[in-house]
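Below is one structure, written out as structure tokens; the observations come after it.
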Number of protein chains: 2
Amino acid sequence: MPDTPPAVGRKRDHSRDSDILRATLDVLVETSYADLTIEKVATRAGAGRGAIYRRWTSKDDLILAAIACTDRSDLDSDRLPDTGTLRTDLFAMLDPDWLGGTERRLRILTSITAMLSRTPDAATAVTRAIVDPSVAAYRHLIQRAVNRREFPMPADLDALAQVIPSMAAHRALFLQQPVDLAFFASLIDGILLPALANPKT
Amino acid sequence: MPDTPPAVGRKRDHSRDSDILRATLDVLVETSYADLTIEKVATRAGAGRGAIYRRWTSKDDLILAAIACTDRSDLDSDRLPDTGTLRTDLFAMLDPDWLGGTERRLRILTSITAMLSRTPDAATAVTRAIVDPSVAAYRHLIQRAVNRREFPMPADLDALAQVIPSMAAHRALFLQQPVDLAFFASLIDGILLPALANPKT
DNA sequence: CAGTTCCGGAACTGAGTAGTTGCGGAACTG
DNA sequence: CAGTTCCGCAACTACTCAGTTCCGGAACTG
């Protein structure tokens, strides 16, 4: 990426990098992949198209970089809620701030899906930046509950950790229904906790 | 739709309708929404573009009609397996024929996602033609198991019926991993059956 | 048969937009 | 300063493709 920066001439203003990437995500959240044009991103970022093409080789390249920059600091394992019981941990992740982050992630997810079937790299980028951190967060909470003997070790922890993120994505994308607290409650109390309580068939 | 057919002139060959719709789905399975052109569909169906535009007003209209025509007869409730236990019923749905149908549905689903965020009707059409029948099939199997006292009535039957289809879609679309027998087994034995066995937290 | 509508095919129009280039000016280097 | 590379901006090129129109011919009606 560094492209061997020249020793001479005006320095590239790297504060524009993040401005442009943030503008890309904004446009992506507001419209969709197909409706995203470099022109819109440039206008939004108050930049020229040249400045964008100087940094990223193509539209897809730009979007991939923007996805990779998604802010997912709220999913860091050391910032996860720790209330003593899994159920309250899970609900603690659903306060307004968290839902805001979740909603933004879901919106990016829906906008990006158009790329998925065309650009193989897109799926990797989305998985790494959005899907995996969510799954990892849920896995972390469940594992901790198991460690404190709240539940027995489940037969398939990985599958359980995917329940909430995958069903939330499904609801937002295909069902086009609100991913709200009531929905999360049905996942937690109707699927996740019952399945954990009885790991054997 | 009938468009008041004229009393005079050559009759429209309605066998071409299904040829074109099938060609549309084929192109959709092989490529993606963005790469689908009317030209490709016409060539594939051995038809002229005029014949297509005479039947459907636009590209999206054509695709919506094609989705609505998806063959989902294998999900009819009276064709569902009935082996006596839920677990074997679920696995009976995973023989090669069924997986073939599942895979095709998932491929259509992934190709279609590009339309979802732009055309509201697309989400409705996909939900009605692909998502709902799957969910209904799983709900039917679970309900029958409950009726025969194999399991207690779950707290949230609707949520449970969505587990397998939504997680399969998620795996195909975002994770881009094979939706094979081993994966289904982890859903059935790791989530669905444990959750059913213990409906209370 | 005369008139109509269908058919596949090919040629055409028009819109949208990715990516390029050049301008005037600012920032940096030696 | 002289030369370079950055900046935002605007004009420009090149291409794809949706949707239209017309052709020669086939099928239908009265």
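Reckoned from all heavy atoms, side chains included, excluding hydrogens, waters and symmetry mates.
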- Task: Please check if atom CZ in A:R128 has more than 12 non-hydrogen atoms from other residues, nucleotides or ligands closer than 6.0 Å.
- Result: no
- Whether A:K40 side chain and A:D35 backbone form a donor-acceptor pair below 3.5 Å: yes
- Give, ordered by number, those residues of residues 16-32 of chain A having at least one heavy-atom distance below 4.0 Å to an atom of DNA chain C; if nothing qualifies, reply none. none
- Looking only at side chains, do A:S58 and A:D60 share a donor and an acceptor under 3.5 Å apart? no
- nucleotides 23-30 of chain C: protein proximity per nucleotide (B base, S sugar-phosphate only, - neither; heavy atom, under 4.0 Å): --BBBBS-
- Message: Taking salt bridge (Lys or Arg N to Asp or Glu O under 4.0 Å) as the definition, give me every residue that meets it alongside A:R72, ordered by chain and number, with sequence neighbours left out.
- Response: none
- Task: Compute whether any side-chain donor of one residue and acceptor of the other, for B:T124 and B:T127, lie under 3.5 angstrom apart.
- Result: no
Compile the donor-acceptor pairs under 3.5 Å between side chains in residues 171-181 of chain A and protein atoms, sequence neighbours left out, one pair per line.
| unit_1 | atom_1 | unit_2 | atom_2 | d |
| --- | --- | --- | --- | --- |
| A:R171 | NE | A:P178 | O | 2.7 |
| A:R171 | NH1 | A:Q177 | OE1 | 3.2 |
| A:R171 | NH2 | A:P178 | O | 3.4 |
| A:D180 | OD1 | A:F183 | N | 3.0 |

- Item | Heavy-atom check, side chain of A:L75 versus side chain of A:R105, under 4.5 Å | yes
- Basic-acidic side-chain contact under 4.0 Å: B:E39, B:R44: no
- Task: For A:H14 and D:dC6, give me the distance from atom NE2 to atom P, rounded to whole Å.
- Result: 10 Å
- Task: Classify the side-chain pair B:D158/B:Q162 by whether it contains a donor and acceptor separated by less than 3.5 Å.
- Result: no
- Query: Between atom OH in A:Y33 and atom C1' in C:dA18, what is the gap in whole Å?
  - Reply: 11 Å
- Which parts of nucleotides 16-24 of chain D does protein reach within less than 4.0 Å, heavy atoms only, written one letter per nucleotide 5' to 3' as B for base, S for sugar-phosphate only and - for none? -SBBB----
- Figure out the NZ/C1' separation between A:K40 and D:dG8, and round it to whole Å. 21 Å
- Give the dot-bracket string for DNA chain C, reading 5' to 3', where a pair is Watson-Crick or G-U wobble with both distances under 3.5 Å, ( ) marks pairs inside the strand, [ ] marks pairs crossing earlier ones, | marks a partner on another strand, and . marks unpaired. ||||||||||||||||||||||||||||||
- Message: More than 12 heavy atoms of other residues, nucleotides or ligands under 6.0 Å from CZ of A:R144: yes or no?
- Response: yes
- Query: Any side-chain heavy atom of A:I20 sitting closer than 4.5 Å to one from A:L62?
  - Reply: yes
- Using atom CD1 of A:I52 as one end and atom P of D:dC9 as the other, report the distance to the nearest whole Å. 11 Å
- Item | Geometric cation-pi criterion A:K59 and A:Y53, 6.0 Å radius, 45° cone | no
- Atom pair distance, as rounded to whole Å: CG in B:D13 and C1' in D:dG25: 16 Å
- Does the side chain of A:D89 pick up a donor-acceptor pair with the side chain of A:T83 at under 3.5 Å? yes
